[in-house]
Amino acid sequence: HHHVDHATVDKVKAAIAAGHTHAHIPDYETYDKYKNTGGYAALLTLRDDGHWEDVQALIKESGLRGLGGAGFPSGTKWGFVRGNAGPRYLAVNGDEGEPGTFKDRYYLERTPHQFLEGMLIAAWAVEADRCYIYKRDEYPAVLEILRREIAALEQAGLVPEGYIELRRGAGAYICGEESAMIESIEGKRGLPRHRPPYVAQVGLFGQPTLVHNVETLHWITRICREGPEVLNTTEKNGRTGLRSYSVSGRVAKPGVYLLPAGSTITDIIEAAGGMLEGHVFKAYQPGGPSSGLLPASINDVPLDFDTLQPLGSFIGSAAVVVLSDQDSARAAALNMLRFFEDESCGQCTPCRVGCEKAVKLMQADTWDQPLLEELCVAMGDASICGLGQAAPNPIRLVIKHFSDEV
Ligand code: NAI
Ligand code: SF4
């Protein structure tokens with residue numbers, strides 16, 4: 001369970017109030033460096049005499065799907081947003097709250113302009129009046145980099161002053177749910193909205209809004225600069241494209257690994273330097289706690305969009321956490337449900353009460369499986385948003401694959 005060290009929190013708060021964030025700014029690609037290697041040529045050419053449908057066609061050809069985790073086809077989304085009368089907005093989801101996910105941070109701390117150019121290309125494509133970047137406050141270096149580089153874009157005359165607004169999230173996981181994020185940007189409490197209408201129709205300030213994740217925009221630049229081949233030529237295990245796997249847990253070298261989308265857990269552990277010494281591979285979280293836990297025996301399935309659904313899981317943002325013989329699957333599932341209990345916005349009963357009840361039931365020596373299953377059905381069927389709908393996954397998967405522990 002995540003412990004809150006109040007003394008440290010107070011110290012950090014005081015430091016921030018005094019203006020000392022002590023963010024270590026990594027050696028990233030600045031505006032000048034990026035521009036000198038052909039950066040922003042794609043954007044300027046498009047603004048000059050490009051047609052948004054041509055870029056949409058390139059994106060569709062590349063196979064790019066939303067990399068926040070849901071994998072919605074990015075080109076199709078542009079069409080939905082364009083289909084509604086303006087003014088339109090673009091909102092970047094940079095909340096990256098999924099436990100185990102750190103790929104957006106990885107790219108922003110290295111090549112922020114690949115993201116920023118992609119954002120401006122997408123904004124051009126849907127004729128967005130303004131761009132909002134919603135960024136988690138726990139990434140001080142990223143916030144500082146973005147502040148500096150947005151100023152550089154304004155200075156270079158690439159965007160009018162104030163066209164890009166940087167907003168800081170305040171640590172609520174639910175504010176990464178796109179409609180809750182929009183509520184938060186509007187200055188309200190982050191409560192997910194009912195769908196439909198989708199944010200492509202009724203989004204920020206009631207207007208059609210294009211919401212993209214940070215990494216999705218990074219790839220939009222690369223597709224415009226390098227062609228759709230940058231994604232659609234990699235084939236493995238019948239899957240096409242690349243995935244940025246955030247790998248952590250009991251591996252020798254945790255980190256972000258860009259691998260073929262057809263990679264299995266075996267490939268991913270190998271890329272991360274193998275298991276930590278003295279640890280035997282036991283289980284893995286394929287994509288955030290809502291994807292639950294799979295056993296080591298399921299090791300030949302590509303970890304990609306659509307491939308894990310038949311197993312009751314999904315790839316999500318590709319946050320792979322590797323567990324070993326020294327970990328308890330049951331304890332991991334309980335930890336996941338405690339996380340959901342803490343982060344539930346409380347708006348709907350099946351999730352608010354369901355998470356709390358699940359945590360209680362999972363603390364018993366022996367799990368009341370029929371009762372837990374009944375609870376899982378109610379939560380999955382009746383919760384408003386993905387948090388409550390997917391919260392049962394860890395419970396079901398642990399009952400299925402680690403029954404001896406529960
Ligand atoms: P979703 O599949 O409902 O929607 C995905 C996107 O497609 C949204 O932008 C939605 O507005 C759009 N969309 C879907 N159907 C549409 C339609 N008919 N018309 C117009 N637009 C449409 O998935 P959701 O709930 O937005 O995201 C769930 C995913 O988020 C999970 O897979 C989870 O892995 C991931 N996630 C990622 C986190 C991170 O830190 N990256 C944190 C928590 C969850
Ligand atoms: Fe809030 Fe949970 Fe309901 Fe989502 S499912 S709206 S997080 S209470």
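Residue numbers start at 1 and run along the sequence shown. Just so you know, ligand 1 is whichever comes first in the structure, and atom 1 is the first atom listed for that ligand.
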Using a strict 4.0 Å cut-off to heavy atoms of [X], name the atoms of ligand 2 that fall inside it.
{"X": "Ser383", "result": "5 (S)"}
{"X": "Pro192", "result": "6 (S)"}
{"X": "Ser344", "result": "2 (Fe), 8 (S)"}
{"X": "Cys348", "result": "3 (Fe), 5 (S), 8 (S)"}
{"X": "Gly388", "result": "5 (S)"}
{"X": "Cys345", "result": "1 (Fe), 6 (S), 7 (S), 8 (S)"}

When you compare the side chains of [X] and [Y], does any donor N or O come within less than 3.5 Å of an acceptor on the partner?
{"X": "Ser244", "Y": "Glu215", "answer": "yes"}
{"X": "Glu235", "Y": "Thr233", "answer": "no"}
{"X": "Ser383", "Y": "Gln389", "answer": "no"}
{"X": "Glu149", "Y": "Tyr28", "answer": "yes"}

Below 3.5 Å, N or O to N or O, backbone or side chain included: is there any such pair between [X] and ligand 1?
{"X": "Thr101", "answer": "no"}
{"X": "Glu98", "answer": "yes"}
{"X": "Phe72", "answer": "no"}
{"X": "Glu178", "answer": "yes"}
{"X": "Gly287", "answer": "no"}

If you measure from each non-hydrogen atom of Gln201 to ligand 1, which part falls under 4.0 Å: side chain, backbone, both or neither?
-> neither
Which segment of Glu177 sits under 4.0 Å of ligand 1 when only heavy atoms are counted | neither
Non-hydrogen side-chain atoms of Leu242 and Leu259 separated by less than 4.5 Å = no
So do Trp78 and Leu210 actually touch side chain to side chain, heavy atoms under 4.5 Å?
-> yes
List the closest protein heavy-atom neighbour of [atom]: residue, atom name, distance to the nearest 0.1 Å.
{"atom": "atom 34 (O) of ligand 1", "answer": "Gly316 CA, 3.1 Å"}
{"atom": "atom 20 (C) of ligand 1", "answer": "Phe80 CD1, 3.4 Å"}
{"atom": "atom 23 (O) of ligand 1", "answer": "Ala70 CB, 3.3 Å"}
{"atom": "atom 32 (O) of ligand 1", "answer": "Gly69 O, 3.1 Å"}
{"atom": "atom 6 (S) of ligand 2", "answer": "Gln347 NE2, 3.4 Å"}
{"atom": "atom 26 (O) of ligand 1", "answer": "Arg195 NH2, 3.0 Å"}
{"atom": "atom 12 (C) of ligand 1", "answer": "Lys77 CE, 3.9 Å"}
{"atom": "atom 18 (N) of ligand 1", "answer": "Tyr198 CE1, 3.5 Å"}
{"atom": "atom 35 (C) of ligand 1", "answer": "Gly68 O, 3.5 Å"}
{"atom": "atom 4 (Fe) of ligand 2", "answer": "Cys385 SG, 2.3 Å"}

Heavy atom of Gly386, distance to ligand 1 below 4.0 Å | no
Give a yes/no on ligand 1: does Gly176 have at least one heavy atom closer than 4.0 angstrom to it?
-> no
Check the pair Glu356, Arg352 against salt bridge (Lys or Arg N to Asp or Glu O under 4.0 Å), reporting the backbone distance first and the verdict last.
-> CA-CA 7 Å; Glu356 198 187 324; Arg352 183 187 65 246; over 6 Å; no
Using a strict cut-off of less than 4.0 Å between a Lys/Arg side-chain nitrogen and an Asp/Glu carboxylate oxygen, indicate whether Asp104 and Lys135 qualify as a salt bridge.
-> no
Does the distance from a Lys or Arg side-chain N to an Asp or Glu carboxylate O, for Lys282 and Asp327, drop under 4.0 Å?
-> no
Apply side-chain hydrogen bond (donor to acceptor under 3.5 Å, both in side chains) to Asp267 and Thr264, showing your working.
-> CA-CA 5 Å; Asp267 302 323; Thr264 63; 3.2 Å; yes
Give a yes/no verdict on a cation-pi contact between [X] and [Y], requiring under 6.0 Å between NZ or CZ and the six-membered ring centre and an angle within 45° of the axis.
{"X": "Arg105", "Y": "Tyr139", "value": "yes"}
{"X": "Arg110", "Y": "Tyr106", "value": "yes"}
{"X": "Arg222", "Y": "Tyr107", "value": "no"}

Assess whether atom NZ of Lys236 is packed by more than 12 heavy atoms of other residues, nucleotides or ligands within 6.0 Å.
-> yes
May I ask you to check whether over 12 heavy atoms, not counting those of Lys33, lie within 6.0 Å of atom NZ?
-> yes
Note: ligand 1 atoms sitting under 4.0 Å from heavy atoms of Glu96 are 40 (O)
Give a yes or no answer on whether the side chain of Ser246 reaches the backbone of Phe102 with a donor-acceptor pair at less than 3.5 Å.
-> yes
Does ligand 2 have a heavy atom under 4.0 Å from the side chain of Ile174, from its backbone, from both, or from neither?
-> side chain
Would you say Cys351 reaches atom 3 (Fe) of ligand 2 with an N/O/S atom under 2.8 Å?
-> no
